[in-house]
Q: 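Please read through the structure below; I'll follow up with questions.
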Amino acid sequence: MRVLCIIIGLIWIEVSFGFVGCAIPSFRRPSVDLRKSMFSVRSSRLFDQVAPATQNIEALNEALESMSQIKNVKCKVGHSSSGFRFGLIATQNIRRGDTVISVPNDFCLTGKKARKVFSELGCINEKKYDGWTGDLGLIALLLLRERAKLDPSYDDSYVSKEDSSKKDLFREWASSLPSIAELSDCDGAHPLMWNEDDQEILQSSSTKKIYKVLDDFDEDATWWQEKIWSKNRRLFPEKDNMNQPCFTIEGFKWALAISMSRTYFVDGELKLCPIVDFANHNDFDAFEVDAGFFGTFGTTAGVQIKADKSYKPGEEVFVSYGPKSAAEYLIEHGFIPQSTKTTAVAELTFEIEESDRFFDDKLDVLEFETGGSSLEPVQSFDVVSAPGRDGQPDPALIQFVRLSELGGKDAFLLESIFRKEIWDFMASPVSENNERAVFDTILSTCASSTNEMNEISREEEDNNMIEDESMPKNQRSCAIIRNVERRAISTAEDYLTREGEALDLKEYYQERRLKDLGLDSPWDGDERNPDVGWGSRKPGDGGIDW
């Protein structure tokens with residue numbers, strides 16, 4: 001009878017308050033009325049954080065203290081004072097410039113290590129595997145393996161090759177990570193775990209498209225599920241020792257969200273570094289996580305945190321996650337820092353269409369003649385609005401679109417004789433017609449992006465939503481993204497409009513070429529000078545000019 005009452009009570013709560021599970025998205029655009037979806041939710045918590053599970057933190061700190069390989073340790077993992085789940089807490093006085101912690105590279109989860117491990121296990125070809133999710137997906141797989149190793153009976157052929165002294169630290173670290181339930185909280189956490197309606201709103205709210213991330217995840221998860229995991233459940237269990245999905249599509253999505261939010265790009269590659277990954281972001285007085293050498297002889301390479309201010313024992317030590325747009329912070333880390341609202345960034349994407357008459361020639365230029373690594377025919381660029389900036393687009397954006405729009409009387413530049421020089425030519429205006437087409441293309445892309453945002457809500461509505469604390473966190477975050485990116489796009493549009501009114505004042509290719517040949521000066525009558533041209537002899541006059 002008691003069980004029946006509990007079940008009825010839970011059903012009543014779910015119906016009354018609208019608490020729904022966050023199912024795995026199908027990654028197809030559902031048929032949703034965006035405005036209805038956005039405004040129909042009755043209440044929401046505001047940017048609050050899930051209650052942390054603390055049972056593993058003391059054990060994690062004990063394991064950290066016992067690791068002699070980790071150097072310069074002046075912090076521990078503890079409850080964050082800034083509203084996050086956990087953070088790094090100073091255990092002694094720290095001065096500006098001090099190293100707070102140094103972790104050797106062999107503690108880090110990387111794509112390179114993942115290729116080695118899963119090649120050893122017979123899953124992939126170490127040198128040929130190239131997943132859609134890149135190194136993030138590979139790091140996610142290593143993370144799932146660490147979760148599988150929480151079961152004392154787990155064993156694979158690579159375990160014997162690992163340093164057993166790290167076992168306790170990795171066990172406690174993997175146990176202390178936020179669970180699927182925490183990341184799937186119905187009012188927030190990581191956008192990969194949002195419900196489909198909110199993900200669709202985010203897709204239309206930003207020029208940085210989350211559907212691309214979801215599609216890449218879907219491709220890799222499906223491949224691993226069908227080809228690898230389902231074939232050997234001893235090596236790839238469906239549940240870990242904490243009864244959480246492990247080597248499944250849901251488990252992989254969780255691991256990918258963890259990897260996106262906790263990795264750092266250090267020394268040329270993405271790294272998920274235990275302990276360091278607990279450091280929270282601060283816009284000010286914080287350095288980025290960096291590479292360094294340490295140890296007795298200063299020869300151990302690894303990842304380290306340096307303090308950009310002084311800390312007292314008990315204070316939280318922060319890092320900077322680096323210069324990213326508001327959308328990148330939200331999609332990767334699940335929050336939007338204040339700095340991204342001051343410096344507004346939007347992403348514009350351009351493509352050289354296969355239907356272009358000169359597609360093959362332009363593709364050849366991008367592949368072989370850009371003076372560096374080859375470029376794809378689809379390129380994305382940032383437009384920025386910030387104090388002290390006039391909205392001028394990235395010169396590389398203009399250069400790419402000039403090549404994309406090259407045609408008509410300017411197409412002679414695609415001839416083989418100019419092939420080695422054409423990319424440099426595109427760094428400057430080609431012709432008035434080409435430059436006008438470039439400006440029109442960029443302005444059209446800007447307008448298209450803004451119109452997609454306005455289909456959800458206009459700027460004034462978004463301002464009201466941001467101020468309305470009763471609105472759900474996810475939808476307020478989307479409103480912030482729309483307003484930030486509108487500002488970046490509007491600033492770029494203003495600049496391009498001003499520049500477009502002065503196209504006749506620019507110097508184009510033909511003028512520059514004439515200058516190079518010394519033929520840009522006006523004709524000054526030298527045809528009458530006997531020392532220039534034909535002299536005293538006229539063509540056909542029969543005279544002989546000795």
Q: Looking only at heavy atoms, what is the nearest atom pair of Glu288 and Pro323, with distance?
A: OE2-CD, 3.5 Å
Q: Quick check: do Leu121 and Ser157 have side-chain heavy atoms less than 4.5 Å from each other?
A: yes
Q: Can you list the steps and then say if Asp218 with Trp132 is a side chain to side chain contact (heavy atoms under 4.5 Å, CB included)?
A: CA-CA 9 Å; Asp218 190 35; Trp132 289 91; over 6 Å; no
Q: From Ile180 CD1 over to Ile258 CD1, what is the distance, rounded to the nearest 0.5 angstrom?
A: 9.5 Å
Q: For Gly87 and Asn280, which heavy atoms make the closest approach, and how far apart are they?
A: CA-ND2, 3.6 Å
Q: Is there a donor-acceptor pair closer than 3.5 Å between any side-chain N or O of Asp156 and the backbone N or O of Val159?
A: yes
Q: If you compare all heavy atoms of Val266 against all heavy atoms of Ala291, which two are closest, and at what distance to 0.1 Å?
A: CG1-N, 3.4 Å
Q: Carefully, step by step, assess Phe284 and Ser339 under the rule side chain to side chain contact (heavy atoms under 4.5 Å, CB included).
A: CA-CA 9 Å; Phe284 310 102; Ser339 61; 5.6 Å; no
Q: If you round to the nearest 0.5 Å, how far is CG of Leu169 from CD of Gln69?
A: 9.0 Å
Q: Does the side chain of Phe287 reach to within under 4.5 Å of the side chain of Phe318, using non-hydrogen atoms?
A: no
Q: Verify side chain to side chain contact (heavy atoms under 4.5 Å, CB included) between Val276 and Phe107, making sure each step is shown before the conclusion.
A: CA-CA 11 Å; Val276 171; Phe107 279 75; over 6 Å; no
Q: Do Ser176 and Val77 have side chains that approach each other closer than 4.5 Å (heavy atoms only, starting at C-beta)?
A: no
Q: Can you spot which of Arg145, Lys116, Lys167 makes a salt bridge (Lys or Arg N to Asp or Glu O under 4.0 Å) with Glu162?
A: Arg145
Q: Can any side-chain N or O of Thr99 pair as donor or acceptor with the backbone N or O of Ile101 at less than 3.5 Å?
A: no
Q: Out of curiosity, Glu250 CD to Gln225 CD, how far, rounded to the nearest 0.5 Å?
A: 11.5 Å
Q: Quick one: are Ile89 and Cys75 in side-chain contact, heavy atoms under 4.5 Å?
A: no
Q: What class does the angle between the rings of Trp173 and Phe170 fall in, given that below 30° is parallel, 30 to 60° is tilted and above 60° is perpendicular?
A: perpendicular
Q: Quick one: do the Asn454 and Arg486 side chains pair a donor with an acceptor below 3.5 Å?
A: yes
Q: Within 45° of the ring axis of Phe265 and under 6.0 Å from its six-membered ring centre, is that where the NZ or CZ of Lys271 lies?
A: no
Q: Phe252 and Phe217: aromatic ring centres closer than 6.0 Å?
A: yes
Q: Which atom names give the shortest non-hydrogen contact between Thr349 and Ser380, and what distance separates them?
A: OG1-OG, 2.8 Å
Q: Pick one: which of Ser204, Ser206, Ser457 meets side chain to side chain donor-acceptor pair (under 3.5 Å) with Arg482?
A: Ser457
Q: Less than 4.0 angstrom from a charged side-chain N to a carboxylate O is my criterion; do Asp277 and Arg262 meet it?
A: yes
Q: So how far is it from Glu238 CD to Asn243 CG, rounded to the nearest 0.5 Å?
A: 11.5 Å
Q: Please determine whether a side-chain nitrogen of the Lys or Arg among Glu347 and Lys209 lies less than 4.0 Å from a carboxylate oxygen of the Asp or Glu.
A: no
Q: I'd like to know if the side chain of Gln475 and the backbone of Pro472 have a donor-acceptor N/O pair within less than 3.5 Å.
A: no
Q: Taking the side chain as every heavy atom from C-beta outward, state whether Leu202 and Trp194 have any atom pair closer than 4.5 Å.
A: yes
Q: Under 3.5 Å, is there a donor-acceptor pair between the side chain of Glu328 and the main chain of Ser325?
A: yes
Q: Do the charged groups of Lys231 and Glu226 touch, with an N to O distance under 4.0 Å?
A: no
Q: Dump the intermediate steps for side chain to side chain contact (heavy atoms under 4.5 Å, CB included) on His281 and His333, then the final yes or no.
A: CA-CA 10 Å; His281 169 83; His333 302 286; over 6 Å; no
Q: Could you check Met465, Glu459, Glu467 and say which one makes a side chain to side chain contact (heavy atoms under 4.5 Å, CB included) with Asn463?
A: Glu459
Q: Once you round to the nearest 0.5 Å, how far does OG1 of Thr300 lie from CZ of Phe294?
A: 6.0 Å
Q: Can you tell me if Lys71 uses its side chain to pair, donor with acceptor, with the backbone of Ser68 under 3.5 Å?
A: yes
Q: Any donor and acceptor pair, going by atom type alone, linking the side chain of Lys306 with main-chain N or O of Ala286 inside 3.5 Å?
A: no
Q: Looking at His190 and Leu192, would you say the former's side chain and the latter's main chain have a donor-acceptor pair under 3.5 Å?
A: yes
Q: Return the minimal non-hydrogen interatomic distance between Ile124 and Trp224, and the atom names on each side.
A: CG2-CH2, 3.7 Å
Q: Give the C-alpha distance, both sets of side-chain angles, the deciding distance and a yes or no for side-chain hydrogen bond (donor to acceptor under 3.5 Å, both in side chains) between Asp198 and Asn474.
A: CA-CA 7 Å; Asp198 285 350; Asn474 295 353; 3.0 Å; yes
Q: For the pair Ser80 and Glu316, evaluate side-chain hydrogen bond (donor to acceptor under 3.5 Å, both in side chains) and give the outcome as yes or no after the intermediate values.
A: CA-CA 7 Å; Ser80 172; Glu316 183 171 359; 2.8 Å; yes
Q: For a side-chain hydrogen bond (donor to acceptor under 3.5 Å, both in side chains) check, start with the C-alpha distance between Thr207 and Glu485, then their side-chain angles and the critical distance, and finish with the verdict.
A: CA-CA 8 Å; Thr207 52; Glu485 296 198 8; 2.8 Å; yes
Q: Side chains of Ser119 and Asn125: closer than 4.5 Å at any heavy-atom pair?
A: no
Q: Using atom types as modelled and distance alone, determine if a side-chain donor or acceptor of Gln199 lies under 3.5 Å from a backbone N or O of Pro191.
A: yes
Q: Is the backbone of Leu136 close enough, under 3.5 Å, to the side chain of Thr133 for a donor and an acceptor to pair up by distance?
A: no
Q: Would you confirm whether Thr343, through its side chain, and Ala386, through its main-chain N or O, come within 3.5 Å as a donor-acceptor pair?
A: no
Q: Does the side chain of Phe335 reach to within under 4.5 Å of the side chain of Ser477, using non-hydrogen atoms?
A: no
Q: With Asp240, which of Lys149, Arg171, Arg147 fulfils salt bridge (Lys or Arg N to Asp or Glu O under 4.0 Å)?
A: Arg147
Q: Where does the angle between the aromatic ring planes of Phe400 and Phe381 fall among parallel (under 30°), tilted (30 to 60°) and perpendicular (over 60°)?
A: tilted
Q: Is Lys112 salt-bridged to Glu269, going by a charged N under 4.0 Å from an acidic O?
A: no
Q: What is the minimum heavy-atom distance between Val319 and Tyr321, and which atoms define it?
A: CG2-CE2, 3.7 Å
Q: In Å and rounded to the nearest 0.5 Å, what is the CG to CG distance from Asp155 to Leu235?
A: 8.5 Å
Q: Run the salt bridge (Lys or Arg N to Asp or Glu O under 4.0 Å) check on Glu126 and Arg115 step by step: do they pass?
A: CA-CA 5 Å; Glu126 182 177 355; Arg115 288 184 176 88; over 6 Å; no
